[in-house]
Amino acid sequence: MVEWIRHYLYRLNQRLTPAPAAVMEMIVATWTSQAITVAAQLGVADALAKGPLPIEELAARVRADADALRRLLRALISKGIFRQRRDGRYELNSLANTLRSDARVSLTSAARFYGSQEQRERWTLLVDSIRTGRSVVPALRGKESFDYFADHPELGELFDQTMTSVSKLTDASVVAGYDFGAFPTIVDVGGGQGPLLAAILAAAPSSRGVLYDLPRVVVNATSPLQQHNVAERVRTVEGSFFDSVPAGGDAYILKNIIHDWPDHKAVQILRKVHAAAGPRATLLLIELVIPEHDRDFPGKWVDLEMLLNLGARERVAAEYRNLLSQAGFHMIRVVHTASPLSVIEARVG
Ligand SMILES: C[S@@+](CC[C@H](N)C(=O)[O-])C[C@H]1O[C@@H](n2cnc3c(N)ncnc32)[C@H](O)[C@@H]1O
(Lines give C-alpha, C1' and ligand atoms only; values in the text may rest on other atoms or scores of the structure.)
Protein backbone atom coordinates (compact mmCIF):
# COMPACT_ATOMS: atom_id res chain seq x y z
CA MET A 1 0.00 0.00 0.00
CA VAL A 2 2.82 2.41 0.94
CA GLU A 3 4.62 1.53 -2.30
CA TRP A 4 1.44 2.21 -4.28
CA ILE A 5 0.87 5.61 -2.60
CA ARG A 6 4.51 6.59 -3.18
CA HIS A 7 4.15 5.66 -6.84
CA TYR A 8 1.09 7.88 -7.37
CA LEU A 9 2.63 10.80 -5.44
CA TYR A 10 5.72 10.45 -7.62
CA ARG A 11 3.62 10.45 -10.80
CA LEU A 12 1.70 13.49 -9.51
CA ASN A 13 4.99 15.25 -8.83
CA GLN A 14 6.06 14.49 -12.43
CA ARG A 15 2.79 15.78 -13.88
CA LEU A 16 3.16 19.08 -12.01
CA THR A 17 6.36 19.63 -14.00
CA PRO A 18 6.64 20.20 -17.79
CA ALA A 19 7.78 16.93 -19.40
CA PRO A 20 11.22 18.20 -20.55
CA ALA A 21 11.92 19.54 -17.05
CA ALA A 22 10.83 16.24 -15.46
CA VAL A 23 13.20 14.28 -17.72
CA MET A 24 15.99 16.83 -17.22
CA GLU A 25 15.72 16.29 -13.47
CA MET A 26 16.22 12.56 -14.03
CA ILE A 27 19.16 13.16 -16.39
CA VAL A 28 21.08 15.16 -13.80
CA ALA A 29 20.12 12.90 -10.87
CA THR A 30 23.68 11.51 -11.07
CA TRP A 31 24.87 14.90 -9.75
CA THR A 32 22.88 14.32 -6.57
CA SER A 33 24.24 10.82 -6.09
CA GLN A 34 27.83 11.96 -6.70
CA ALA A 35 27.39 14.81 -4.19
CA ILE A 36 26.24 12.24 -1.60
CA THR A 37 29.32 10.15 -2.44
CA VAL A 38 31.56 13.18 -1.86
CA ALA A 39 29.97 13.79 1.56
CA ALA A 40 30.72 10.14 2.39
CA GLN A 41 34.27 10.29 0.99
CA LEU A 42 35.03 13.40 3.07
CA GLY A 43 33.36 12.02 6.20
CA VAL A 44 31.14 15.10 6.65
CA ALA A 45 28.49 13.25 8.69
CA ASP A 46 31.12 11.79 11.03
CA ALA A 47 32.62 15.24 11.51
CA LEU A 48 29.18 16.54 12.63
CA ALA A 49 28.48 13.54 14.89
CA LYS A 50 29.37 15.43 18.08
CA GLY A 51 27.28 18.50 17.22
CA PRO A 52 26.80 21.45 14.83
CA LEU A 53 29.83 23.22 13.35
CA PRO A 54 30.44 26.46 11.45
CA ILE A 55 31.59 25.93 7.85
CA GLU A 56 35.23 26.92 8.45
CA GLU A 57 35.67 24.41 11.26
CA LEU A 58 33.82 21.68 9.36
CA ALA A 59 35.97 22.32 6.25
CA ALA A 60 39.15 22.12 8.34
CA ARG A 61 38.06 18.82 9.88
CA VAL A 62 37.25 17.15 6.54
CA ARG A 63 40.14 18.87 4.70
CA ALA A 64 37.99 20.69 2.14
CA ASP A 65 37.77 24.18 0.72
CA ALA A 66 35.27 26.07 2.89
CA ASP A 67 33.45 27.83 0.03
CA ALA A 68 33.21 24.64 -2.07
CA LEU A 69 31.99 22.62 0.92
CA ARG A 70 29.33 25.28 1.70
CA ARG A 71 28.09 24.95 -1.90
CA LEU A 72 28.06 21.14 -1.67
CA LEU A 73 26.01 21.35 1.54
CA ARG A 74 23.63 23.94 0.05
CA ALA A 75 22.86 21.50 -2.78
CA LEU A 76 22.47 18.50 -0.45
CA ILE A 77 20.30 20.48 1.98
CA SER A 78 17.99 21.30 -0.95
CA LYS A 79 17.45 17.52 -1.25
CA GLY A 80 16.83 17.13 2.49
CA ILE A 81 20.30 15.86 3.46
CA PHE A 82 21.94 17.88 6.32
CA ARG A 83 20.49 21.07 7.80
CA GLN A 84 21.71 24.62 8.38
CA ARG A 85 20.70 26.21 11.67
CA ARG A 86 19.62 29.82 12.14
CA ASP A 87 23.04 30.57 13.66
CA GLY A 88 24.62 29.41 10.37
CA ARG A 89 26.14 26.19 11.73
CA TYR A 90 25.56 22.88 9.93
CA GLU A 91 24.09 19.82 11.60
CA LEU A 92 22.88 16.31 10.93
CA ASN A 93 19.27 15.42 10.25
CA SER A 94 17.73 11.97 9.78
CA LEU A 95 18.91 11.53 6.16
CA ALA A 96 22.43 12.82 6.92
CA ASN A 97 22.64 10.42 9.89
CA THR A 98 22.64 7.48 7.44
CA LEU A 99 26.04 8.73 6.19
CA ARG A 100 27.65 8.33 9.64
CA SER A 101 30.02 5.37 9.64
CA ASP A 102 28.67 4.33 13.07
CA ALA A 103 24.96 4.45 12.08
CA ARG A 104 23.05 1.20 12.68
CA VAL A 105 22.40 1.04 8.94
CA SER A 106 25.30 3.07 7.57
CA LEU A 107 25.23 3.91 3.87
CA THR A 108 28.77 5.29 3.85
CA SER A 109 30.23 2.24 2.08
CA ALA A 110 27.37 2.12 -0.42
CA ALA A 111 27.84 5.81 -1.28
CA ARG A 112 31.59 5.29 -1.70
CA PHE A 113 31.23 2.09 -3.74
CA TYR A 114 28.45 3.14 -6.13
CA GLY A 115 30.11 6.54 -6.65
CA SER A 116 33.59 5.09 -7.12
CA GLN A 117 35.48 5.80 -10.33
CA GLU A 118 35.45 2.07 -11.21
CA GLN A 119 31.70 1.76 -10.81
CA ARG A 120 30.91 5.03 -12.59
CA GLU A 121 33.15 4.05 -15.49
CA ARG A 122 31.18 0.84 -15.95
CA TRP A 123 27.88 2.71 -16.02
CA THR A 124 29.13 5.07 -18.74
CA LEU A 125 29.40 1.92 -20.88
CA LEU A 126 25.82 0.75 -20.29
CA VAL A 127 25.05 1.39 -23.95
CA ASP A 128 27.51 -1.40 -24.88
CA SER A 129 25.71 -3.85 -22.60
CA ILE A 130 22.36 -2.88 -24.08
CA ARG A 131 23.75 -3.41 -27.59
CA THR A 132 25.44 -6.74 -26.89
CA GLY A 133 23.41 -8.17 -23.98
CA ARG A 134 26.74 -8.80 -22.18
CA SER A 135 28.74 -7.46 -19.25
CA VAL A 136 31.23 -4.69 -20.04
CA VAL A 137 33.64 -5.85 -17.33
CA PRO A 138 35.68 -8.52 -19.19
CA ALA A 139 36.50 -6.08 -22.03
CA LEU A 140 37.15 -3.21 -19.62
CA ARG A 141 39.14 -5.04 -16.90
CA GLY A 142 40.30 -8.23 -18.62
CA LYS A 143 38.45 -10.42 -16.11
CA GLU A 144 35.07 -11.03 -14.46
CA SER A 145 33.86 -8.76 -11.61
CA PHE A 146 34.45 -11.13 -8.66
CA ASP A 147 37.96 -11.96 -9.98
CA TYR A 148 38.66 -8.23 -10.30
CA PHE A 149 37.68 -7.75 -6.64
CA ALA A 150 40.09 -10.55 -5.68
CA ASP A 151 42.94 -8.62 -7.37
CA HIS A 152 41.85 -5.25 -5.91
CA PRO A 153 41.29 -6.03 -2.23
CA GLU A 154 40.39 -2.46 -1.23
CA LEU A 155 37.57 -2.31 -3.78
CA GLY A 156 36.57 -5.90 -2.92
CA GLU A 157 36.31 -5.05 0.76
CA LEU A 158 34.32 -1.90 0.00
CA PHE A 159 31.94 -4.07 -2.07
CA ASP A 160 31.58 -6.60 0.80
CA GLN A 161 30.88 -3.79 3.29
CA THR A 162 28.34 -2.35 0.86
CA MET A 163 26.58 -5.72 0.60
CA THR A 164 26.50 -5.91 4.42
CA SER A 165 25.01 -2.46 4.86
CA VAL A 166 22.51 -2.88 2.01
CA SER A 167 21.50 -6.21 3.57
CA LYS A 168 20.84 -4.48 6.89
CA LEU A 169 18.21 -2.35 5.11
CA THR A 170 16.07 -5.45 4.53
CA ASP A 171 17.22 -8.14 7.00
CA ALA A 172 14.57 -7.37 9.65
CA SER A 173 11.75 -7.60 7.07
CA VAL A 174 13.11 -10.88 5.67
CA VAL A 175 13.47 -12.38 9.16
CA ALA A 176 9.94 -11.28 10.07
CA GLY A 177 8.53 -12.55 6.77
CA TYR A 178 9.58 -16.22 6.95
CA ASP A 179 9.88 -18.83 9.74
CA PHE A 180 13.62 -19.61 9.62
CA GLY A 181 13.49 -20.93 13.22
CA ALA A 182 11.99 -24.18 11.88
CA PHE A 183 15.47 -25.24 10.65
CA PRO A 184 18.10 -26.58 13.09
CA THR A 185 21.01 -25.94 10.67
CA ILE A 186 20.98 -23.14 8.14
CA VAL A 187 23.69 -22.85 5.47
CA ASP A 188 24.07 -19.37 3.98
CA VAL A 189 25.68 -19.91 0.57
CA GLY A 190 27.53 -16.79 -0.64
CA GLY A 191 26.48 -15.19 2.64
CA GLY A 192 29.10 -12.43 2.42
CA GLN A 193 30.08 -11.15 5.87
CA GLY A 194 26.97 -12.84 7.29
CA PRO A 195 24.54 -10.02 8.18
CA LEU A 196 21.38 -11.95 7.23
CA LEU A 197 22.51 -15.20 8.86
CA ALA A 198 23.35 -13.23 12.01
CA ALA A 199 19.89 -11.60 12.05
CA ILE A 200 18.18 -14.96 11.45
CA LEU A 201 20.08 -16.70 14.25
CA ALA A 202 19.43 -13.82 16.64
CA ALA A 203 15.70 -14.47 16.10
CA ALA A 204 16.06 -18.29 16.12
CA PRO A 205 18.01 -19.14 19.31
CA SER A 206 17.99 -22.91 18.79
CA SER A 207 19.30 -22.82 15.21
CA ARG A 208 22.93 -23.00 14.12
CA GLY A 209 24.50 -21.58 10.98
CA VAL A 210 27.17 -22.25 8.39
CA LEU A 211 28.46 -19.20 6.54
CA TYR A 212 29.96 -20.07 3.17
CA ASP A 213 31.75 -17.66 0.84
CA LEU A 214 35.07 -16.99 -0.89
CA PRO A 215 38.13 -16.99 1.42
CA ARG A 216 38.76 -13.22 1.19
CA VAL A 217 35.15 -12.55 2.23
CA VAL A 218 34.52 -14.88 5.20
CA VAL A 219 37.71 -13.65 6.84
CA ASN A 220 35.85 -10.36 7.56
CA ALA A 221 32.62 -11.98 8.75
CA THR A 222 33.28 -11.48 12.44
CA SER A 223 31.64 -8.10 12.92
CA PRO A 224 28.00 -8.84 11.90
CA LEU A 225 28.13 -12.15 13.80
CA GLN A 226 29.49 -10.51 16.94
CA GLN A 227 27.09 -7.57 16.69
CA HIS A 228 24.20 -10.07 16.93
CA ASN A 229 26.02 -12.17 19.52
CA VAL A 230 25.71 -15.36 17.45
CA ALA A 231 29.35 -16.03 16.51
CA GLU A 232 29.57 -19.17 18.67
CA ARG A 233 26.64 -20.73 16.73
CA VAL A 234 28.21 -20.12 13.30
CA ARG A 235 30.83 -22.15 11.48
CA THR A 236 32.51 -20.26 8.64
CA VAL A 237 33.59 -22.27 5.62
CA GLU A 238 35.54 -20.89 2.69
CA GLY A 239 35.32 -22.14 -0.87
CA SER A 240 33.67 -21.66 -4.23
CA PHE A 241 30.06 -22.68 -4.87
CA PHE A 242 31.17 -23.77 -8.34
CA ASP A 243 33.26 -26.51 -6.66
CA SER A 244 31.07 -27.59 -3.73
CA VAL A 245 28.69 -26.46 -1.00
CA PRO A 246 28.83 -27.61 2.66
CA ALA A 247 26.63 -30.63 3.37
CA GLY A 248 24.33 -31.15 6.35
CA GLY A 249 22.00 -28.15 6.12
CA ASP A 250 18.28 -28.35 6.86
CA ALA A 251 17.91 -25.12 4.93
CA TYR A 252 20.14 -23.57 2.27
CA ILE A 253 19.84 -19.82 1.85
CA LEU A 254 21.09 -18.05 -1.27
CA LYS A 255 20.40 -14.34 -0.96
CA ASN A 256 21.16 -12.20 -3.99
CA ILE A 257 23.31 -15.00 -5.42
CA ILE A 258 21.35 -16.39 -8.37
CA HIS A 259 20.80 -12.83 -9.70
CA ASP A 260 24.61 -12.51 -10.04
CA TRP A 261 24.83 -15.19 -12.73
CA PRO A 262 23.52 -15.96 -16.22
CA ASP A 263 21.22 -18.98 -16.44
CA HIS A 264 23.80 -21.69 -17.19
CA LYS A 265 26.04 -20.61 -14.27
CA ALA A 266 23.03 -20.23 -11.95
CA VAL A 267 22.03 -23.82 -12.71
CA GLN A 268 25.60 -24.99 -11.97
CA ILE A 269 25.43 -23.36 -8.50
CA LEU A 270 21.98 -24.81 -7.80
CA ARG A 271 23.22 -28.28 -8.81
CA LYS A 272 26.07 -27.99 -6.28
CA VAL A 273 23.51 -27.08 -3.61
CA HIS A 274 21.39 -30.03 -4.74
CA ALA A 275 24.40 -32.36 -4.39
CA ALA A 276 25.03 -31.11 -0.82
CA ALA A 277 21.42 -30.98 0.37
CA GLY A 278 19.74 -34.04 1.85
CA PRO A 279 16.38 -35.22 0.44
CA ARG A 280 14.42 -33.28 3.11
CA ALA A 281 16.36 -30.00 2.89
CA THR A 282 14.65 -26.75 1.96
CA LEU A 283 16.21 -24.30 -0.47
CA LEU A 284 15.46 -20.61 0.02
CA LEU A 285 16.41 -18.14 -2.71
CA ILE A 286 16.03 -14.59 -1.45
CA GLU A 287 15.79 -12.30 -4.44
CA LEU A 288 14.23 -9.17 -5.89
CA VAL A 289 11.61 -11.16 -7.82
CA ILE A 290 10.43 -8.85 -10.61
CA PRO A 291 6.71 -8.11 -10.18
CA GLU A 292 4.17 -8.02 -13.03
CA HIS A 293 3.30 -4.32 -12.57
CA ASP A 294 4.82 -1.33 -14.41
CA ARG A 295 5.54 0.69 -11.27
CA ASP A 296 9.05 1.44 -10.06
CA PHE A 297 10.75 -1.45 -8.28
CA PRO A 298 14.40 -1.63 -7.15
CA GLY A 299 14.90 -4.95 -8.97
CA LYS A 300 14.28 -3.28 -12.34
CA TRP A 301 17.39 -1.12 -11.75
CA VAL A 302 19.50 -3.79 -10.05
CA ASP A 303 18.74 -5.85 -13.17
CA LEU A 304 20.72 -3.34 -15.27
CA GLU A 305 23.54 -3.41 -12.73
CA MET A 306 23.58 -7.22 -13.04
CA LEU A 307 23.69 -7.06 -16.84
CA LEU A 308 26.45 -4.46 -16.87
CA ASN A 309 28.69 -5.97 -14.21
CA LEU A 310 28.06 -9.70 -14.51
CA GLY A 311 26.09 -10.46 -17.68
CA ALA A 312 23.39 -11.62 -15.25
CA ARG A 313 19.78 -10.65 -14.51
CA GLU A 314 16.89 -10.28 -12.10
CA ARG A 315 14.05 -12.71 -12.86
CA VAL A 316 10.30 -13.15 -12.61
CA ALA A 317 8.94 -16.04 -10.50
CA ALA A 318 8.42 -18.32 -13.54
CA GLU A 319 12.11 -17.92 -14.50
CA TYR A 320 13.17 -19.03 -11.01
CA ARG A 321 10.81 -22.02 -11.24
CA ASN A 322 12.46 -23.00 -14.52
CA LEU A 323 16.07 -22.66 -13.20
CA LEU A 324 15.18 -24.61 -10.06
CA SER A 325 13.66 -27.49 -12.01
CA GLN A 326 16.78 -27.70 -14.25
CA ALA A 327 18.80 -28.28 -11.08
CA GLY A 328 16.44 -30.89 -9.61
CA PHE A 329 14.45 -28.63 -7.27
CA HIS A 330 10.70 -28.10 -7.11
CA MET A 331 9.51 -24.55 -6.39
CA ILE A 332 6.88 -24.57 -3.62
CA ARG A 333 5.93 -20.91 -3.18
CA VAL A 334 7.11 -17.30 -3.26
CA VAL A 335 6.76 -15.48 0.06
CA HIS A 336 6.76 -11.68 -0.26
CA THR A 337 8.23 -9.68 2.61
CA ALA A 338 7.69 -6.08 3.70
CA SER A 339 10.92 -5.27 1.82
CA PRO A 340 11.35 -5.61 -1.97
CA LEU A 341 12.94 -9.05 -1.38
CA SER A 342 10.93 -12.26 -1.69
CA VAL A 343 11.72 -15.73 -0.34
CA ILE A 344 11.45 -18.43 -3.01
CA GLU A 345 10.92 -21.74 -1.22
CA ALA A 346 11.94 -24.95 -3.00
CA ARG A 347 12.52 -28.61 -2.14
CA VAL A 348 14.53 -31.41 -3.64
CA GLY A 349 12.62 -33.44 -6.21
C1 LIG B 1 25.65 -9.91 -4.22
S2 LIG B 1 26.69 -10.59 -2.99
C3 LIG B 1 25.48 -11.19 -1.85
C4 LIG B 1 26.04 -11.38 -0.47
C5 LIG B 1 24.99 -11.76 0.59
N6 LIG B 1 24.32 -13.00 0.28
C7 LIG B 1 23.98 -10.64 0.74
O8 LIG B 1 22.88 -10.75 0.21
O9 LIG B 1 24.30 -9.62 1.37
C10 LIG B 1 27.28 -12.08 -3.76
C11 LIG B 1 28.16 -12.92 -2.88
O12 LIG B 1 28.58 -14.09 -3.62
C13 LIG B 1 29.91 -14.36 -3.25
N14 LIG B 1 30.55 -15.18 -4.29
C15 LIG B 1 30.87 -14.80 -5.56
N16 LIG B 1 31.43 -15.85 -6.21
C17 LIG B 1 31.46 -16.88 -5.33
C18 LIG B 1 31.91 -18.24 -5.43
N19 LIG B 1 32.44 -18.71 -6.57
N20 LIG B 1 31.76 -19.04 -4.34
C21 LIG B 1 31.23 -18.56 -3.18
N22 LIG B 1 30.77 -17.27 -3.04
C23 LIG B 1 30.90 -16.46 -4.11
C24 LIG B 1 30.53 -12.98 -3.14
O25 LIG B 1 31.74 -13.01 -2.44
C26 LIG B 1 29.42 -12.23 -2.42
O27 LIG B 1 29.54 -12.31 -1.03
Side-chain angles (χ1 to χ4, degrees), residues 105-107 109-110 113-114 119 135 137 143-153 155-175 180 186-200 209-221 223-225 228 234 236-246 251-262 264-273 275-276 283-289 298-299 301-303 305-314 337 339-344:
V105 180
S106 169
L107 297 179
S109 304
F113 177 75
Y114 290 112
Q119 183 67 6
S135 167
V137 174
K143 55 188 67 171
E144 305 282 348
S145 277
F146 287 115
D147 299 329
Y148 185 76
F149 288 151
D151 293 348
H152 295 79
L155 189 68
E157 199 171 322
L158 185 58
F159 172 79
D160 297 336
Q161 285 163 3
T162 300
M163 292 303 103
T164 297
S165 52
V166 170
S167 192
K168 285 183 184 168
L169 280 172
T170 53
D171 287 344
S173 305
V174 172
V175 171
F180 295 94
I186 300 167
V187 183
D188 192 352
V189 178
Q193 299 175 338
L196 175 63
L197 185 61
I200 288 172
V210 177
L211 179 65
Y212 184 59
D213 207 299
L214 297 169
R216 68 163 189 85
V217 180
V218 286
V219 86
N220 290 317
S223 108
L225 301 177
H228 280 88
V234 177
T236 52
V237 181
E238 51 183 59
S240 168
F241 45 49
F242 290 109
D243 297 332
S244 67
V245 166
Y252 284 82
I253 293 177
L254 283 78
K255 173 169 163 274
N256 288 340
I257 297 301
I258 296 305
H259 83 155
D260 281 343
W261 301 96
H264 68 287
K265 293 263 189 183
V267 171
Q268 283 175 24
I269 298 167
L270 291 172
R271 286 194 177 132
K272 292 295 176 190
V273 178
L283 170 63
L284 302 168
L285 307 182
I286 303 176
E287 295 282 359
L288 292 164
V289 178
W301 297 99
V302 181
D303 179 54
E305 171 85 345
M306 293 303 108
L307 168 64
L308 183 74
N309 279 329
L310 296 152
R313 64 195 311 127
E314 300 295 343
T337 72
S339 79
L341 288 166
S342 300
V343 181
I344 303 161

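Just follow the structure's listing: the first ligand is 1, and inside any ligand the first atom is 1. Residue numbers start at 1 and run along the sequence shown.
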Determine yes or no for a side-chain-to-main-chain donor-acceptor pair under 3.5 angstrom, with Ser135 supplying the side chain and Asn309 the backbone.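 Flag set: sc Ser135 to bb Asn309 pair under 3.5 Å.
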Any heavy-atom pair between the side chains of Leu254 and Phe241 that's under 4.5 Å?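 Contact flag for Phe241/Leu254 side chains = no.
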Looking at side-chain heavy atoms only, is the closest gap between Leu285 and Leu270 below 4.5 Å?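 Heavy-atom side-chain distance check passes, below 4.5 Å.
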Could you pull out all residues at least two apart from Tyr252 that satisfy ring-ring contact (aromatic ring centres under 6.0 Å, His included)?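 Result, ring-ring contact (aromatic ring centres under 6.0 Å, His included) vs Tyr252: none returned.
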With hydrogens left out, which residues have an atom under 4.0 Å from ligand 1, given that only heavy atoms count?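 Within the 4.0 Å shell of ligand 1, which is judged on heavy atoms, sit Phe146, Met163, Ser167, Gly190, Gly191, Gly192, Asp213, Leu214, Val217, Gly239, Ser240, Phe241, Phe242, Lys255, Asn256, Ile257, Asp260, Trp261.
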Run the side chain to side chain contact (heavy atoms under 4.5 Å, CB included) test against Thr164 and tell me which residues pass, sequence neighbours left out.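 Expected list: Lys168, Gln193, Pro195, Pro224.
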Suppose we screen for side chain to side chain donor-acceptor pair (under 3.5 Å). Which residues come up paired with Asp147, at least two apart in sequence or across chains?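 Once residues adjacent in sequence are excluded, Asp147 has no partner under the side chain to side chain donor-acceptor pair (under 3.5 Å) criterion.
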